[in-house]
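Since the structure comes first, as structure tokens, the remarks are kept for the end.
Just so it is clear, the structure is predicted and the values come from calculations on it, not from any experiment. Protein chains get the first letters and strands the later ones, always in sequence-line order, with residue 1 at the start of each.
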Amino acid sequence: MADAITPRQSDYSQWYLDVVKHAKLADYSPVRGCMIIRPTGYALWENMQRALDDMFKETGHENVYFPLFIPQSFMAREAEHVEGFAKECAVITHSRLKLDPELGLIADPDSKLDENLVVRPTSETIMWDTYAKWIQSWRDLPRKYNQWANVVRWEMRTRLFLRTMEFLWQEGHTAHATRDEAVEETLQMLDVYATFAEEWMAMPVVRGVKTASERFAGAVDTYCIEALMQDGKALQAGTSHFLGQNFAKAFDCQFQNRDNELEYVWATSWGVSTRLIGALIMVHSDDQGLIIPPRLAPTQVVLIPIYRSDEDRERVLAEAATIAAELRSAGVRMKVDDREGYRPGWKFNEYEVQGVPIRLALGPRDVENGTVELARRDTREKMSVSREGLADEIQTLLDGIQVGLYERALAYREANTRIVDDYDTFKQVLDEEGGFIRMHWDGTAETEARIKEESKATIRCIPVEGTWPEDEAPGTDPVSGAPSARRVLYARAY
RNA sequence: CGGGGUGUAGCGCAGCCCGGUUAGCGCAUCUGCUUUGGGAGCAGAGGGUCGCAGGUUCGAAUCCUGCCACCCCGACCA
């Protein structure tokens, strides 16, 4: 028996790290806080990218690529932006190394840059500097660009996928002629993210807007999708910002409108990152390892041949190839694991840990009977099914698993979302069960800060209209006793 | 940056307190044979600057000094 995965109940964060490690998603790197994404993890990211990229294209966006390096002075242009990011920027000061007889290899003092470069923590500044050149007239608008890139934020404390110093993401940066159009874009992209989370990741999310203190540095409004993890903590899974004219003003990006007036351009930015992989793990997986929703699974079905004699081997592998061809032509991502040197039991375990949704086992007995053994990862049920109509059955089952995972996660979230009306219960719920708490808030940063200080819970968001209509009625903030316009969503978060 | 802890084979650890020949164990790896319907068994093999640098000593993984790295808790975290 190889080393086991720590059960969720005994140590959730160790469980998470064990799943990442055992499922071979990622590894630690020689550099603190950075990670190596392994083939399985990267294939998962590629599937996410593909689905998201299609949705971006469908909503009229084009991909671009801007440089990794940003002139340091750009960071200073937007006051709030620099304040938010200054503490976590990697700065490039030299361009050469030099072998010093005493000190060894050092940055060559003679190669000091005239102006430092910052490794992008996000690209608003460099993009808006360029947009200012591209946009002169209302005819140049809108510009709806996205880029797939890596960014660096010098975090103090990191965790694989959830917070790493370098991570992969996409960042959309759009430019609009009117405020309304930019706000509409912001909300549209929030919607795209929510749809992706729910339909592809099978992860229910709450859409909402951040309070002023949780807002993106430089934004007018930050919208987000918030998901609930199995340990009762919330995770921000994506953000969409309405930037107003802040960056346009900072980079002097004006256009002439139809009335022949000079006006600043309206902006949005929005992003999701490899953090989504962390969310995916924490929402669905169990003590046996990873569970991947079928729509995102790099391998949806794995077939494991079983045989003793060479003669059996030939028959079983021939049948396996036929099944594989059938399933592939039906559009199923299918793999036959015919590796020698690993026993079937070992392979069963391997794919269970790696979260492949459906496992088939095919032995001489099955070939004889025209059957195949089918095991589903989500419920761990095993059954013998007929070869007849297998492709149809598997497609139906994959769809069923996708829906089932969503429903399971939604049921968990609903069971762990509570309406609370007094502060003692609030703290008690957080300590004992966690989860989302819907409670009144007086709208002040003081109360928000006090609650954060005392309970470590933050306002995850003010949910968008219609999320919980009954929460939109006025009431009283139980902490300050002041009037409240509506309930907001609290939780402890990652 | 504050508090605590750990550095010994790819991974996980024992040995250190109380110095003493070729530094052990489990997993993993390699070879052979037997196996193969839920993480195989037996036999054999390979793999080590004991974090780094000094010091004490006839002799240091073990004692002393300094340094470094990593982990956990806190601070921090669009």
Side-chain angles (χ1 to χ4, degrees), chain A residues 1-6 11 13-14 17-18 21-22 27-33 75 78 80-89 120-125 151-159 162-165 167 169 171 210-224 235-241 243 246 269-273 275 288-289 303-310 312-313 316 337-354 359-369 371-375 380 382 384 452-453 456 458 493-494:
Chain A
M1 185 90 166
D3 45 351
I5 293 171
T6 306
D11 184 346
S13 57
Q14 190 56 52
L17 293 174
D18 284 353
K21 197 169 107 187
H22 284 76
D27 214 337
Y28 291 100
S29 87
V31 180
R32 180 189 73 86
M75 294 301 293
E78 212 288 331
E80 287 183 22
H81 192 68
V82 67
E83 201 185 316
F85 284 104
K87 283 172 289 183
E88 46 186 12
C89 283
R120 63 176 164 223
T122 179
S123 302
E124 276 79 4
T125 57
V151 287
V152 169
R153 296 179 187 179
W154 213 264
E155 303 286 355
M156 314 219 73
R157 210 155 142 201
T158 59
R159 303 184 72 189
L162 295 177
R163 177 169 288 111
T164 48
M165 298 221 301
F167 56 91
W169 77 344
E171 47 181 326
K210 289 287 187 191
T211 63
S213 59
E214 300 274 326
R215 211 175 267 156
F216 174 75
V220 173
D221 274 316
T222 287
Y223 291 84
C224 62
L235 183 75
Q236 177 176 302
T239 47
S240 183
H241 314 290
L243 302 174
N246 293 347
S269 71
W270 28 274
V272 294
S273 71
R275 173 182 256 203
Q288 274 67 46
L303 187 151
I304 295 162
I306 298 163
Y307 47 80
R308 290 169 197 243
S309 64
D310 283 351
D312 282 348
R313 177 170 184 274
V316 167
D337 186 353
D338 58 357
R339 286 179 297 172
E340 303 282 348
Y342 294 97
R343 305 171 78 251
W346 189 90
K347 291 178 184 173
F348 289 174
N349 210 272
E350 168 107 333
Y351 292 106
E352 202 158 282
V353 172
Q354 292 187 17
R359 184 190 72 226
L360 301 176
L362 184 77
R365 251 174 12 221
D366 295 301
V367 176
E368 207 74 32
N369 303 334
T371 58
V372 57
E373 184 191 83
L374 185 155
R380 306 188 76 216
K382 274 203 297 200
S384 182
K452 182 176 179 180
E453 170 74 25
K456 293 192 176 155
T458 49
Y494 277 95

Between the base of B:G37 and the side chain of A:Lys347, is there a donor-acceptor distance below 3.5 Å?
no

Separation of atom CD1 in A:Ile304 from atom P in B:G37, rounded to whole Å:
11 Å

Answer with base, sugar-phosphate or nothing: what part of the nucleic acid does A:Gly363 contact at a heavy-atom distance below 4.0 Å?
base

Expressed as a whole number of Å, how far does the C1' atom of B:A60 sit from that of B:G51?
16 Å

So what does A:Tyr223 touch, heavy atoms closer than 4.0 Å: a base, only the sugar-phosphate, or nothing?
nothing

Opposite nucleotide pairing with B:C70, Watson-Crick or G-U, both atom distances under 3.5 Å:
B:G5

Distance, rounded to the nearest Å, where A:Trp346 contributes CH2 and B:U29 contributes P:
8 Å

Under 4.0 Å between a side-chain N/O of A:Arg308 and OP1 or OP2 of B:U36, yes or no?
yes

Separation between CZ (A:Arg275) and CG (A:Leu162), nearest 0.5 Å, reads 6.5 Å

Base, sugar-phosphate alone, or nothing: which one does A:Ala217 contact when heavy atoms must sit under 4.0 Å apart?
sugar-phosphate

Pair partner, B:G20 [Watson-Crick or wobble, under 3.5 Å]
B:C58

So, do A:Arg215 and A:Asp221 sit near enough that their side-chain heavy atoms are less than 4.5 Å apart?
yes

Looking for any heavy atom pair under 4.0 Å, which part of the strands does A:Arg365 touch: base, sugar-phosphate only, or nothing?
base

What is the pairing partner of B:A75, taking Watson-Crick or G-U wobble pairs with both distances under 3.5 Å in any strand?
none

Answer yes or no: does a side-chain N or O of A:Arg313 lie under 4.0 Å from OP1 or OP2 of B:U36?
no

Would you kindly give the OH-to-C1' distance between A:Tyr342 and B:C30, to the nearest whole Å?
12 Å

Does a side-chain N-to-carboxylate-O contact under 4.0 Å join A:Glu340 and A:Arg313?
yes

Would you indicate what A:Glu88 reaches in the nucleic acid, counting non-hydrogen atoms under 4.0 angstrom: base, sugar-phosphate, or nothing?
nothing

Separation of B:C76 C1' from A:Arg159 CZ (nearest whole Å):
16 Å

Return no unless some side-chain N or O of A:Arg163 is found under 4.0 Å from OP1 or OP2 of B:C77.
no

Selection from B:G38, B:C77, B:G37 that lies nearest to any side-chain heavy atom of A:Lys87:
B:C77

May I have the distance from A:Asn349 (atom CG) to B:G37 (atom P), rounded to whole angstrom?
13 Å

A:Arg163 to A:Tyr494 six-membered ring, cation-pi geometry met (6.0 Å, 45°)
no

Comparing A:Thr158 and A:Phe167 on RNA chain B - which has the more 5′ nearest nucleotide
A:Thr158

Inter-residue atom distance A:Met75.CE - A:Phe85.CZ, 0.5 Å rounding
6.5 Å

Let me see the working for A:Tyr342 and A:Phe348 under ring pair (Phe, Tyr, Trp, His ring centres under 6.0 Å), right down to the final yes or no.
CA-CA 10 Å; A:Tyr342 294 97; A:Phe348 289 174; over 10 Å; no

When only distance counts, do a donor and an acceptor, one from the side chain of A:Arg343 and one from the base of B:G41, lie under 3.5 Å apart?
no

Distance in angstrom units between A:Phe348 CZ and B:A40 P, rounded:
11 Å

What nucleic acid atoms does A:Phe85 come within less than 4.0 Å of, heavy atoms only: base, sugar-phosphate, or nothing?
base

Applying a 4.0 Å non-hydrogen cut-off, can you work out what A:Pro364 is touching in the nucleic acid: base, sugar-phosphate, or nothing?
base

For B:G44, give the paired nucleotide (Watson-Crick: N1-N3 plus N6-O4 or O6-N4; G-U: N1-O2 and O6-N3; both under 3.5 Å), or none.
B:C30

What I want to check is whether an N or O donor and acceptor connect the side chain of A:Glu352 with the base of B:G38 at under 3.5 Å.
yes

Under 4.0 Å, heavy atoms only, any strand: does A:Arg275 hit a base, just the sugar-phosphate, or nothing?
nothing

Taking A:Asp337's backbone N and O only, do any of them form a donor-acceptor pair with A:Lys347's side chain (distance below 3.5 Å, no angle check)?
yes

Suppose we define a pair by two distances each less than 3.5 Å, Watson-Crick or G-U wobble; what does B:A53 pair with here?
B:U65

Please give the nucleotide sitting opposite B:A14 as a Watson-Crick or G-U wobble pair, both distances under 3.5 Å, or none.
none

